[in-house]
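Report on one structure; see the data block that follows.
Hydrogens, waters and symmetry mates are skipped; everything else that's a heavy atom, side chains included, is used. Here is the naming used below: chain letters follow the sequence lines, and residue numbers restart at 1 for every chain.
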Amino acid sequence: MDQSEVMERVVKILTPWVKDEAALANVSMETNILEDLKVNSARLVDVVIAFEDDFDIEIADEDVDQVNTVGDAVNLISSKL
Amino acid sequence: MLGNDVVDLRDPESDPESFRPRFDERVFAEEERREIAHDPRPLARRWAHWAAKEAAYKLARRLDPGFVFSPRTLVARFDPLSEAATRGPGVVERRGRLELPRTVGPEISTLELRSTESAACVHVVALPGGFDWGAVDVGVARIDPAREDAGRVARALAITDVARSLGVAAERLAIAKVGRVPVVELDGERTSLVLSLSHHGAWVAFACAPGPARTGRVRGEAAAERTPGVASSGGWRPVRDGPRKDAAGGRRAAPDWRTSTGGTA
Ligand SMILES: CC(C)(COP(=O)(O)OP(=O)(O)OC[C@H]1O[C@@H](n2cnc3c(N)ncnc32)[C@H](O)[C@@H]1OP(=O)(O)O)[C@@H](O)C(=O)NCCC(=O)NCCS
């Protein structure tokens, strides 16, 4: 799976929980999930579970701690595929 | 040192059904899941456990930048609710403890928790064991999230309240950020006050207490980037808020709850 496909699926999973539509419209690898998209932190855990289910991977809490941006999530997921 | 977290119970995202089935298992220890299931107020109880984890994480992360948010290892234990715990019509307080998985800062491992709960929201404050709760200033307020910037209102609420507690004009206080962590400034100088902010849905909250006298730089803080307005990675950002002055400002001069714990005012 190439990176753009991972990105597309990551954004699709995040979309229902995004509070800032403008940030979503301009989403990029640099977009911050908590601060720009304003996804709340409980939902972030749920999103991580969705990444695990959707990509059939496991993501440890230590990995999540390194994820700030959409790009961090895409790179983390790509590294586990 | 302290941490706080607020949860809007009426936000659609607080509905447990909106989470994946594995969420509870990933986030709550088995004993917490049991307590939530048996609590007469299961929704408030569930989010009190979550907020306790977040408050503990905010506290621990300030002292140890390598502290990882691993929610299931941050187990909140609350005492049973009693009549004495009632704080006003429809508002109760739960007290509890949380054992950190490892010691942070100056030998801090046990935290005390106070969760103030109404039908609308849960607000948890975490302090190191033995800390004087009477010295903690707490405010919780409802906002209109469609019209107001929650982060800004939380900072303004804190400024107004802390200024009152200190007996200084609110104009002399400002809140800056070191990385993502808020710090309180008086006349442009960083104070030793420890401030924690939180916002969720229609609620904003803060908790503030005196910290240890500053003897140096906070671990992880960038060197010398103190000049206001000069952005630098991990250093000071030009995020400064005076007291709230917009049209609705008067309404928020006093928080909806000025709870807790005594307060310093
Ligand atoms: C720090 C954190 C707990 C904040 O929680 P939140 O529900 O997103 O937001 P809250 O409104 O409760 O708190 C936000 C405030 O906390 C403060 N804050 C942010 N990072 C902080 C930190 N590391 N330490 C202390 N306070 C912090 C800021 O004042 C912030 O206010 P702002 O957004 O207006 O700048 C969250 O962003 C986080 O980093 N969580 C850990 C990562 C995670 O969720 N992992 C999932 C594991 S499966």
What part of A:A60 gets closer than 4.5 Å to chain B, counting heavy atoms only: side chain, backbone, both or neither? backbone

Should we count CD of A:E62 as having more than 12 external heavy atoms under 6.0 Å? yes

Nearest 0.5 Å, please: how far is NE2 in B:H200 from OG in A:S41? 8.0 Å

Salt bridge or not for B:E13 and A:K19, using N-O below 4.0 Å? yes

Give, as side chain, backbone, both or neither, the part of A:L44 having an atom under 4.5 angstrom from any heavy atom of chain B. neither

Tell me every residue that passes salt bridge (charged side-chain N to carboxylate O under 4.0 Å, His left out) with B:E31, counting only those two or more places apart in sequence or in another chain. B:R77

Taking the basic N atoms (NZ, or NE/NH1/NH2) and the acidic carboxylate oxygens, is any pair closer than 4.0 Å for A:R43 and B:D11? no

Those residues of residues 34-52 of chain B, ordered by number, that approach chain A below 4.5 Å (heavy atom to heavy atom): B:W47, B:W50

Results of salt bridge (charged side-chain N to carboxylate O under 4.0 Å, His left out) for B:R97 - residues two or more places apart only: B:D79

Evaluate whether atom CG of A:D2 has more than 12 neighbouring non-hydrogen atoms of other residues, nucleotides or ligands under 6.0 angstrom away. yes

Just verifying a value: how many Å separate A:N40 CG and B:E54 CD, rounded to the nearest 0.5 Å? 8.0 Å

Side chain to side chain donor-acceptor pair (under 3.5 Å) with A:K12: which residues, sequence neighbours excluded? none

Contacting region of B:T73 [heavy-atom separation from chain A under 4.5 Å]: neither

Go through the atoms of B:P145 and report whether side chain, backbone, both or neither lie under 4.5 Å from a heavy atom of chain A. neither

Can A:D46 and B:R22 be counted as an ion pair, charged N to O under 4.0 angstrom? no

Please flag which part of B:R20 lies under 4.5 Å from any non-hydrogen atom of chain A: side chain, backbone, both or neither. both

Nearest-0.5 Å distance, CG of residue A:N68 to CZ of residue B:R180: 7.5 Å

Looking at every heavy atom in both A:V45 and B:F23, which two are closest together, and how far apart are they? CB-CE1, 3.8 Å

Exercise: identify the closest heavy-atom pair between B:F67 and A:D65: O-OD2, 4.0 Å

